[in-house]
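Reading through the structure tokens given below for one structure.
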Amino acid sequence: MKRLLYFLLFGLLIASCGSDDDELSSADRNVVSEEGFIPFEELLILVNIKTSASDYLVVKSIDSMSIYVNNSYWAKINSQTLDTSKVDKTLVGNKFQTDNKINYLVIASQDIEQPDYNTAGEFAQYLNEAYDLKPGEYACLIESFQVTFNDNSTKKYYPFEYKSFTVEQNSRSAFVGEIEINID
Amino acid sequence: MKTIKLIMIVGVLALMQSCYKSGDIQLKNNISQVKILDVKWGDTHIATELLPGETSGKWKIEHHDEKLPSSHKISFTMTANNKSVYLETEEEFLLDQDDDLLIVLTDTTKVKSPNE
């Protein structure tokens, strides 16, 4: 019995080591940045959704948010999930809402197409596509997003909200700030 | 008599020398938008840095460097946008005696990272 337990533990250890490695593409595993160079990685955005002048939408997450930087596609991503059971909310139609502002955190890393990495051109494309934001001012656009309501119905919105943000020298992320979106 | 022996030895040596001919190798970087650094054919260094479209000088492979014919992969470091990756071609390139080999690396050249 003890021996079986050891085998199981050993098997789990091997399986966990393997799966971590498999998640990385060939380029992610083998590409290095120059010493002292801090690659820009992500945008941090706080989004709140107003359903009326004083009410905010309560959902687990904002899904499939399409983000553009200076009109270049950046990412399509879900916000971090919230435990809405702890939010003081009321049901209006098929929506939960609250009069306390709720911000949804969006951590947006750039989507880079991951080819098979079999040719020199594919590696070259990967190295060049990594969109390094140099220090300066940029415009972030929330083009669209989707929410799932209390009755499991979903709706896609196109707010086309812009917000400017600043990228500092040698920073790995930039805080875009709070974006208020009206869906009323 | 001694002179004839000496001439014969020198002749044999010259003949042996002429049996081993060198080969020339050069490489062109036709990969889009990247520099390639530290280019090697096997263990033989053939270029330090090549910009897109640039061709290296001819590198003479002498018999004491490598016994020809010989076939090796090209290895190099590809760099762009402050990022680098070490790659080698899947194909081996054959250099024979008296050859003047021009290797052209393009976007479609099959490569892999040696730790794959």
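A note on names: the letters A, B, ... follow the listed sequences, proteins ahead of strands, and every chain is numbered from 1. Keep in mind that this is a model prediction, so the values were computed, not measured.
Taking non-hydrogen atoms and a 4.5 Å limit, the residue list of residues 46-57 of chain B in contact with chain A is empty.
The ring-ring contact (aromatic ring centres under 6.0 Å, His included) analysis of residues 69-113 of chain B, with sequence neighbours excluded, yields the pairs W41(B)-H72(B).
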Tabulate below the donor-acceptor pairs under 3.5 Å that side-chain atoms of residues 50-67 of chain A make, not counting sequence neighbours, or state none.
{"unit_1": "K50(A)", "atom_1": "NZ", "unit_2": "A53(A)", "atom_2": "O", "d": "2.8"}
{"unit_1": "T51(A)", "atom_1": "OG1", "unit_2": "D55(A)", "atom_2": "O", "d": "3.4"}
{"unit_1": "T51(A)", "atom_1": "OG1", "unit_2": "Q97(A)", "atom_2": "OE1", "d": "3.0"}
{"unit_1": "S52(A)", "atom_1": "OG", "unit_2": "D55(A)", "atom_2": "N", "d": "3.2"}
{"unit_1": "S52(A)", "atom_1": "OG", "unit_2": "D55(A)", "atom_2": "OD2", "d": "3.0"}
{"unit_1": "D55(A)", "atom_1": "OD2", "unit_2": "Q97(A)", "atom_2": "NE2", "d": "3.3"}
{"unit_1": "S61(A)", "atom_1": "OG", "unit_2": "D63(A)", "atom_2": "OD1", "d": "2.7"}

What pairs of donor and acceptor atoms, side-chain ones from residues 101-111 of chain B against any protein atom, are under 3.5 angstrom apart with sequence neighbours left out?
{"unit_1": "T106(B)", "atom_1": "OG1", "unit_2": "T108(B)", "atom_2": "N", "d": "3.3"}
{"unit_1": "T106(B)", "atom_1": "OG1", "unit_2": "T108(B)", "atom_2": "OG1", "d": "3.1"}
{"unit_1": "T106(B)", "atom_1": "OG1", "unit_2": "T109(B)", "atom_2": "OG1", "d": "3.4"}
{"unit_1": "D107(B)", "atom_1": "OD1", "unit_2": "S32(B)", "atom_2": "N", "d": "2.9"}
{"unit_1": "D107(B)", "atom_1": "OD1", "unit_2": "S32(B)", "atom_2": "OG", "d": "3.4"}
{"unit_1": "D107(B)", "atom_1": "OD2", "unit_2": "S32(B)", "atom_2": "OG", "d": "2.6"}
{"unit_1": "T109(B)", "atom_1": "OG1", "unit_2": "T106(B)", "atom_2": "N", "d": "2.8"}
{"unit_1": "T109(B)", "atom_1": "OG1", "unit_2": "T106(B)", "atom_2": "O", "d": "3.1"}

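Cluster membership for F165(A) and V47(A), using ILVMFWY side-chain heavy atoms within less than 4.5 angstrom, is shared. No continuous path of hydrophobic side-chain contacts links L46(A) to V69(A) [ILVMFWY only; heavy atoms under 4.5 Å]. Residues F175(A) and W74(A) fall into different hydrophobic clusters, defined by Ile, Leu, Val, Met, Phe, Trp and Tyr side chains chained together at heavy-atom separations under 4.5 Å. Residues F145(A) and L44(A) are members of separate hydrophobic clusters, defined by side-chain heavy-atom contacts under 4.5 angstrom among Ile, Leu, Val, Met, Phe, Trp and Tyr.
From E90(B), atom CD reaches atom OG1 of T119(A) across 10.0 Å, with rounding to the nearest 0.5 Å. With values rounded to the nearest 0.5 angstrom, F123(A) atom CZ is found 6.0 Å from S113(B) atom OG.
For the residue pair N128(A) and Q33(B), the shortest heavy atom distance occurs at ND2-O, 3.1 Å.
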